[in-house]
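What follows is one structure encoded as structure tokens, with my remarks underneath.
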Amino acid sequence: MKYHHRQLTSLVKKSVILLLFSITFDNPLFAQNRLFIGFTKSQAINSLAFTSEWRQKEMGKIFWPLVYDQLWMMGPAPHYRPLPGLASRWETNDYKTWRFFLDKSSRFSDQIPVSLNDIIFSLSIFADKSNEWNRRGIEVEDFKARENSVLEVTLKHPHGGPYPPFYGMPVFPRHIWKTYQHSLSRNKNEKAIGSGPFIVKEFKPGEMLRLVKNQHYHGYPAKFDEIVFLIFPNNSSLASALKSGLIDLFGHKGIDPSQTREFGSAMGVKTFVTDGMELYWLSFNFSQNPAIRDLQVRKAIMTAIDKKQIVRQVFGGYAKEIDSFVYPELPGYNSNLPAYRFDVNKAVKMLNEAGYTDVDRDGVRDNPKSAQDLSLTVLVSKSNRAQVRIAKYLGSQLSSIGIRVNLLRADSQLYRNYLHNPMESNHDIAVNSMAPGPYQDWIWNMMKSDEDLLNQANVSNYVNYAFDRVLKKLLTTGNPKKRLQYLNLAQEILADELPYGMLVRPYKICPVRLDRIDDVVISMGGVSSEINPWNYLQLNIAD
């Protein structure tokens with residue numbers, strides 16, 4: 001009886017908010033199984049047009065994989081194996097020529113079958129080196145449509161590793177998009193014709209997006225008949241919506257550690273704590289201050305940092321220390337990396353031995369070659385609260401070993417410009433944060449010495465041709481044992497030379513209405529993320 005009362009209360013509250021949002025449903029309210037997801041306005045897409053919002057906004061990252069199919073998709077934790085999408089299977093003999101076998105039953109939501117020409121059209125756009133989506137190091141030499149719906153792709157370089165090429169690239173219907181192929185964002189895309197498990201039914205910018213199940217989807221059918229994205233003014237109203245039962249879960253962002261008690265006492269809510277995808281680290285800019293190019297200085301800086309204190313003070317204890325870009329739970333993590341343990345006395349000794357002493361007794365060490373103060377500028381994105389707090393902590397910690405820190409706060413666009421153009425910026429260290437995910441090969445391009453970086457800038461201006469040779473072998477080998485050897489070696493080189501100083505990996509804290517839904521799927525990054533669409537496909541309404 002208590003459950004039915006809660007369910008009725010939840011339905012009434014949802015009815016109120018849906019009326020407020022003026023959602024025009026075809027059927028009586030709640031006649032179908034519906035999942036309600038919440039986003040803030042800053043997380044929401046403003047149109048259905050193909051823009052950077054699909055990759056950069058939390059709602060965009062969830063929206064497009066539900067509406068547009070891919071050749072293949074990443075499976076759930078813990079193995080994250082590649083699973084069929086538009087391609088029912090794939091094969092390669094040399095990791096340079098790949099053959100994808102199209103599922104012949106796949107069709108777009110306007111009932112036109114998906115063809116090899118649609119796939120070639122889409123992949124040609126995304127495989128273009130100038131396209132910001134191509135972070136995967138994929139350069140195509142040729143596409144060929146073979147008989148029996150086989151797509152043959154010849155790459156310029158072998159593509160090794162556990163995943164086939166073309167991850168995270170949506171397939172568009174060519175008959176709609178061919179007019180816009182040179183400027184995709186010109187297509188308003190109001191009908192959003194795709195071949196994914198859901199179809200766009202209604203969209204009101206700033207208010208809601210309603211998706212209905214694609215009854216003709218060629219893949220595994222979703223269990224929900226509809227998914228409704230609701231958009232709220234701010235985090236406070238979003239949190240209230242979850243606690244009151246207006247929504248079932250958050251679309252992407254977890255909650256702040258300070259909110260765990262608040263949600264822990266909310267009836268019907270269970271809070272899941274899982275490893276996040278995002279990593280925080282320091283990027284040392286080799287192109288400016290000569291002191292940064294001194295390995296002893298970089299080692300002293302990392303030795304002076306108390307990561308445990310960052311975990312406590314910045315993330316409220318909801319984070320863990322890291323020493324590599326490879327997540328410890330994934331194959332290939334090197335557990336024997338040299339560690340830079342917090343030891344102020346050792347850091348002071350390292351700087352003394354390297355000749356960095358306070359000659360003029362002004363409280364700041366001096367460069368032994370230039371006699372200039374050892375003063376460093378730390379770059380952060382001012383909209384990233386964690387980055388700002390980490391930088392402030394660094395200022396306090398490094399001052400204790402005689403290094404002055406100046407904080408450079410930039411808006412998000414200027415931060416990216418500075419970060420990706422280290423030779424044109426005056427920062428010495430950047431507090432960096434990215435989410436490599438299980439498919440990590442793309443992030444290694446950030447360490448390449450070459451100027452031809454395929455849309456992934458070398459943010460430290462780090463040059464090591466020996467590392468480049470290891471990296472090439474890592475990215476092109478198909479032999480799993482050899483790949484692990486190269487991956488271990490790549491991690492060791494980076495840990496020894498310190499172009500990047502690894503810091504922490506925050507947990508993701510995700511409250512969910514378990515009085516409404518069952519069988520929650522957990523992965524790195526939490527309940528809802530770009531690599532975890534499974535809660536939108538597999539969740540059930542609770543009995």
Side-chain angles (χ1 to χ4, degrees), residues 10-51 53-54 57-69 107-112 170 172-173 176-177 180 184-217 221-233 237-238 241-242 244-252 513 516-517 528 530 533 535-537 539 541:
S10 177
L11 294 181
V12 171
K13 288 177 178 177
K14 284 189 170 68
S15 299
V16 171
I17 197 166
L18 295 181
L19 289 173
L20 289 174
F21 280 103
S22 303
I23 298 176
T24 56
F25 286 90
D26 298 330
N27 300 315
L29 203 59
F30 298 100
Q32 298 172 308
N33 292 336
R34 293 193 177 101
L35 181 67
F36 291 85
I37 316 297
F39 297 90
T40 63
K41 281 194 173 182
S42 64
Q43 298 167 352
I45 57 176
N46 295 302
S47 75
L48 299 181
F50 176 76
T51 68
E53 289 187 335
W54 286 29
K57 292 289 190 78
E58 284 79 4
M59 183 173 160
K61 296 174 184 178
I62 305 303
F63 153 73
W64 78 258
L66 296 178
V67 175
Y68 295 90
D69 234 345
R107 56 183 56 238
F108 293 108
S109 54
D110 60 2
Q111 297 310 303
I112 295 179
F172 295 131
I176 294 174
W177 288 83
Y180 307 97
L184 298 182
S185 61
R186 287 194 303 112
N187 182 5
K188 293 183 180 180
N189 198 31
E190 293 172 341
K191 294 184 178 180
I193 303 297
S195 60
F198 286 89
I199 299 170
V200 172
K201 187 69 174 179
E202 185 178 5
F203 178 54
K204 294 187 176 182
E207 296 183 7
M208 54 77 67
L209 171 65
R210 177 185 169 210
L211 307 178
V212 298
K213 182 162 66 174
N214 183 354
Q215 301 293 343
H216 302 285
Y217 182 55
K223 293 184 179 180
F224 279 104
D225 294 316
E226 296 192 4
I227 294 177
V228 182
F229 294 171
L230 297 178
I231 302 168
F232 297 85
S237 56
L238 180 65
L242 183 70
S244 62
L246 299 178
I247 58 176
D248 299 309
L249 54 95
F250 296 152
H252 193 65
R513 298 289 320 189
R516 273 270 299 157
I517 50 181
S528 175
E530 58 264 40
N535 287 314
Y536 302 97
L537 302 176
L539 279 177
I541 291 288

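- A 4.5 Å side-chain heavy-atom check between Arg513 and Phe36 finds every atom pair outside the cut-off.
- Counting heavy atoms from C-beta on, the side chains of Phe203 and Arg210 never come closer than 4.5 Å.
- Heavy atoms only, all atoms of each residue included: Gly60 and Pro65 are closest at O-CD, 4.3 Å.
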Does the side chain to side chain contact (heavy atoms under 4.5 Å, CB included) test come out yes or no for His252 and Lys61, once each step is laid out? CA-CA 9 Å; His252 193 65; Lys61 296 174 184 178; 4.2 Å; yes
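- Residues Leu66 and Ile227 have side chains in contact (heavy-atom distance under 4.5 Å, counting atoms from C-beta outward).
- Here the closest heavy-atom approach between residue Asn214 and residue Gly196 is recorded as ND2-O, 2.9 Å.
- A donor-acceptor pair under 3.5 Å is formed between the side chain of Glu53 and the backbone N or O of Asn46.
- Side-chain atoms of Ile247 and Leu238, non-hydrogen and from C-beta on, do get closer than 4.5 Å to each other.
- Between the side chain of Lys213 and the backbone N or O of Ala222 there is at least one donor-acceptor pair closer than 3.5 Å.
- Ring-centre distance between Tyr68 and Phe172: below the 6.0 Å cut-off.
- Between Phe224 and Leu211, the closest side-chain pair of non-hydrogen atoms is not below 4.5 Å.
- Counting all heavy atoms, side chain and backbone alike, Ile231 lies closest to Met208 at CD1-N, 4.0 Å.
- The side-chain heavy atoms of Phe50 and Ser185, taken from C-beta on, include no pair separated by under 4.5 Å.
- In this structure, Glu202 and Lys204 approach most closely via the heavy-atom pair OE2-CE, 3.3 Å.
- The 12-atom threshold is not exceeded at NZ of Lys41, counting heavy atoms of other residues, nucleotides or ligands nearer than 6.0 Å.
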Give the intermediate values and the outcome of side chain to side chain contact (heavy atoms under 4.5 Å, CB included) for residues Ile62 and Ile37. CA-CA 10 Å; Ile62 305 303; Ile37 316 297; over 6 Å; no
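- Nearest heavy atom pair, residue Gly38 against residue Phe232, reads CA-CE1, 4.2 Å.
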Under the side chain to side chain contact (heavy atoms under 4.5 Å, CB included) criterion, do Phe39 and Ile45 qualify, and how do the steps go? CA-CA 10 Å; Phe39 297 90; Ile45 57 176; over 6 Å; no
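- For the atom pair Glu207 CD and Leu230 CG, the distance stands at 10.0 Å (nearest 0.5 Å).
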For the pair Val67 and Leu48, evaluate side chain to side chain contact (heavy atoms under 4.5 Å, CB included) and give the outcome as yes or no after the intermediate values. CA-CA 11 Å; Val67 175; Leu48 299 181; over 6 Å; no
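- Qualifying side chain to side chain donor-acceptor pair (under 3.5 Å) partners for Ser109, counting only residues two or more places apart in sequence or in other chains: none.
- Under the 4.5 Å side-chain criterion, counting only non-hydrogen atoms from C-beta, Ile193 is not in contact with Trp177.
- Taking the side chain as every heavy atom from C-beta outward, Ile176 and Lys191 never approach each other to under 4.5 Å.
- The heavy-atom pair separating Asp69 from Ser195 by the smallest distance is CB-OG, 3.2 Å.
- Residue Phe250 holds its CZ atom at 10.0 Å from OG1 of Thr40, rounded to the nearest 0.5 Å.
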